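Notes follow the structure.
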Amino acid sequence: MSTDVFDLAGKRVFVAGHRGMVGSALVRRLAQEQCTLLTASRAQADLRDQAAVFRWFAQERPEVVVLAAAKVGGILANDTYPADFLYDNLMIEANVIEAARLHGTAKLLFLGSSCIYPKFADQPIAEEALLTGPLEPTNEWYAVAKIAGIKLCQAYRRQHGCDFISVMPPNLYGPGDNYDLASSHVLPALIRKAHEAKLAGASAITIWGTGTPLREFLHVDDLADACVFLLQAYSDAMPINVGAGEDISIGALTDLVCEIVGFAGAVERDPTKPDGTPRKLLDARRMAALGWTPRIGLRDGIAVAYQSFVEGRA
Ligand code: GFB
């Protein structure tokens with residue numbers, strides 16, 4: 001691995017997907033750096049459209065790209081729309097990565113997900129576990145697209161000498177999250193369910209599955225900080241995990257959210273909904289060895305996310 005520091009100062013930095021939860025956190029974090037921020041609305045460049053992406057890159061010539069644009073969703077959305085999750089993500093990655101090469105982008109950071117690792121990988125999951133076993137079926141389509149993105153970065157590094165890196169976060173949460181119950185991830189769903197039950201004086205909320213799966217949650221502002229750190233400090237074909245260091249069962253997470261929201265009712269389970277993978281705790285030792293660790297604890301992070309959810313509704 002190269003230990004050269006890549007300097008962001010004075011560079012034109014494109015955040016692809018700036019309206020999403022991750023992209024908007026990156027925009028907030030990059031505002032602290034001495035770089036010029038570039039964004040593209042869907043009307044300016046639909047990232048699934050190769051001609052539009054190539055045109056936009058020819059005009060704007062970003063020197064750095066953070067590829068945070070993706071079709072994302074929770075377990076049910078992944079399971080219901082496999083074609084969208086596979087096609088949209090493949091197109092976005094292929095178009096942006098090839099455009100970055102064509103137009104001489106000096107550094108590109110691709111965002112993956114912990115679901116790229118095998119369903120029954122040894123825990124915590126080291127980067128080397130990639131492609132060592134079958135995937136979790138509920139999100140294999142999304143995972144295959146994200147694995148293709150990692151492989152594109154590795155292939156472009158090998159064939160073209162491009163400094164393209166890949167970063168694997170666990171489940172993310174924070175401001176700008178999706179609170180639509182049919183398509184969201186678990187944490188925003190629990191916040192909304194507990195809040196609405198509290199307001200309605202309901203006696204119970206219902207969660208999906210058994211409540212036993214374990215998940216690791218990282219605040220999106222920690223991820224954005226890690227990405228800025230890695231843009232400057234990491235240059236290697238090996239994807240790198242950015243984790244929170246611990247996981248929690250969905251049942252315990254529900255209790256924590258209910259406590260923060262102030263909902264004291266019962267928790268019921270809907271066994272017709274999928275549990276997904278039993279556990280996906282990332283091994284973040286590579287990242288720690290570089291000198292980066294997360295700062296936002298889960299309880300504090302959920303309290304802030306809940307506050308911004310309430311403000312958003314007001
Ligand atoms: O966050 P989540 O949708 O996705 O669900 P995954 C995590 C766990 O929470 C599952 C349970 O065991 C769900 O059954 N759960 C309980 C709920 N109640 C709810 C609820 O009301 N809504 C939701 N959404 N879940 C996704 C992948 O997997 O994680 C993506 O599908 C991506 O590809 C993302 O990797 C980070 O953690 O199971």
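Note that the structure is predicted; figures quoted are calculated from it, not measured. All ligand and atom numbering here is 1-based and tracks the order in the structure.
The shortest non-hydrogen separation linking Tyr142 to Ser113 is CE2-CB, 3.8 Å. Residue Ala305 comes nearest to Tyr179 through the heavy atom pair O-OH, 3.7 Å, listed as atom of the first residue, atom of the second, then distance. Shown here for Phe85 and Gly73, the closest heavy-atom pair between the two residues is CE2-N, 3.5 Å. Nearest heavy atom pair, residue Met168 against residue Gly112, reads SD-CA, 3.6 Å.
Residue-ligand proximity, Gly74 to ligand 1, at heavy-atom distances under 4.0 Å covers atoms 3 (O), 31 (O). Heavy-atom proximity to Ala189, at under 4.0 Å, picks out these atoms of ligand 1: 20 (C), 21 (O), 22 (N). Residue-ligand proximity, Lys193 to ligand 1, at heavy-atom distances under 4.0 Å covers atoms 20 (C), 21 (O). Close contacts between ligand 1 and Pro274 involve ligand atoms 13 (C), 14 (O) [criterion: under 4.0 Å to a heavy atom]. Residue Pro213 approaches ligand 1 through these ligand atoms, each under 4.0 Å from one of its heavy atoms: 12 (O).
No donor-acceptor pair closer than 3.5 Å links the side chain of Asn89 to the backbone N or O of Ala70.
From the protein, the heavy atom lying nearest to atom 1 (O) of ligand 1 is Val186 N, 2.9 Å. Summary of contacts: the protein heavy atom closest to atom 31 (O) of ligand 1 is Asn78 ND2, 3.0 Å. Regarding atom 36 (C) of ligand 1, its nearest protein heavy-atom neighbour is Asn171 OD1, 3.5 Å. Nearest protein heavy-atom neighbour of atom 4 (O) of ligand 1: Ile75 N, 3.7 Å.
Within the 4.0 Å heavy-atom criterion, the part of Ser184 lying near ligand 1 is the backbone and not the side chain. Neither the backbone nor the side chain of Lys273 has a heavy atom within less than 4.0 Å of ligand 1.
Comparing Lys280, Arg269, His185, Glu136 against atom 28 (O) of ligand 1, the shortest heavy-atom distance belongs to Lys280. Among Ser113, Ser114, Ser183, the residue whose heavy atom sits closest to atom 32 (C) of ligand 1 is Ser113.
A donor atom on one side chain and an acceptor atom on the other are not found under 3.5 Å apart for Thr206 and Asp270.
No N or O atom of Thr206 sits closer than 3.5 Å to an N or O atom of ligand 1. The shortest N or O to N or O distance between Tyr142 and ligand 1 is not below 3.5 Å.
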Candidate pair His185 and Tyr173, rule side chain to side chain donor-acceptor pair (under 3.5 Å), full reasoning: CA-CA 9 Å; His185 290 98; Tyr173 72 100; over 6 Å; no
